[in-house]
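Quick notes on the structure that follows.
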Amino acid sequence: MSFNDKVYEFVRQIPEGKVASYGQIAFMTGSWRASRAVGYALHRNPYQGKVPCHRVVFKDGRLATGFVFGGKDVQRQLLESEGVEFTADGRVAMDKCCWQPDQGCCCP
DNA sequence: ATGCTGACCGAGC
DNA sequence: CGCTCGGCCAGCA
């Protein structure tokens, strides 16, 4: 079980309509400061198809840069299809869609 | 083994 | 309020 595997395992558990930030995943894996490593791990994304990297966004709710899935617009459509709300700024409504495994529910 | 890089985040100016 | 700097972690040359 490597740090990398933890990231994939964590991200894979993200339900539809929910999103998590790199820092959140990093915190779960060990140190919240490892957010960079998390991003790098997802960048390789060896489990592409099993790991919904598109559900992983910034703390601001903004999508990751240099999106590799085909474009931010595509990711937005994909997330919207899953039930994730978006703001006028084009960011994810993390206020409602931030995934909290411990509580199993989003912030009201 | 060492150094650089990167899909980040927080604090400072 | 916007930009810049530093710091941590893992992967690769």
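All chains are named by letter (A, B, ...) in the order of the sequence lines, taking the proteins before the strands, and each is independently numbered beginning at 1. Note that this is a predicted model, so its numbers are computed, not measured.
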Item to check | ring pair (Phe, Tyr, Trp, His ring centres under 6.0 Å) partners of A:F10, counting only residues at least two apart | outcome: A:W99
Checklist entry - Who passes side chain to side chain contact (heavy atoms under 4.5 Å, CB included) against A:T87, sequence neighbours left out? => result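 Here the qualifying residues are A:D89, A:R91, A:A93.
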Item to check | Sequence-distant partners of A:E9, side chain to side chain contact (heavy atoms under 4.5 Å, CB included), two or more places apart | outcome: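 Here the qualifying residues are A:R12, A:Q13.
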Whole angstrom value for the distance that separates [atom2] of [N] from [atom1] of [X]:
X     : N     : atom1 : atom2 : result
A:D60 : B:dC8 : CG    : P     : 11 Å
A:Q48 : B:dA7 : CD    : P     : 15 Å
A:F27 : B:dC9 : CZ    : C1'   : 14 Å
A:Y22 : B:dG6 : OH    : P     : 15 Å
A:H43 : B:dC8 : NE2   : P     : 11 Å
A:L42 : B:dG6 : CG    : P     : 17 Å

Checklist entry - Hydrophobic cluster mates of A:F27, side-chain heavy atoms under 4.5 angstrom, ILVMFWY only, any path? => result A:W32
Checklist outcome for this item: For A:F58, the hydrophobic cluster (side chain heavy atoms closer than 4.5 Å, chained through members) also holds none
Next on the checklist: At 4.0 Å (heavy atoms only), tell me whether A:A37 reaches a base, stays on the sugar-phosphate, or touches nothing.
Outcome noted: base
Checklist entry - Base, sugar-phosphate, or nothing for A:F3, non-hydrogen atoms under 4.0 angstrom? => result sugar-phosphate
Next on the checklist: Please compare A:R36 and A:S2 by the position of their nearest nucleotide in DNA chain C and report the one closer to 5'.
Outcome noted: A:R36
Checklist entry - Using a heavy-atom cut-off of 4.0 Å to chain A, what are the terminal contacting nucleotides of DNA chain C, in 5' to 3' order? => result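 That gives a stretch of C:dG7 to C:dC12.
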Checklist entry - With no angle test and no hydrogens, is the base of B:dA7 tied to the side chain of A:Y40 by a donor-acceptor pair under 3.5 Å? => result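 No such pair is found, so the answer is no.
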Next on the checklist: Between A:R55 and A:E82, is there a side-chain heavy-atom distance shorter than 4.5 Å?
Outcome noted: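 Side chain of A:E82 against side chain of A:R55, heavy atoms only: contact under 4.5 Å found.
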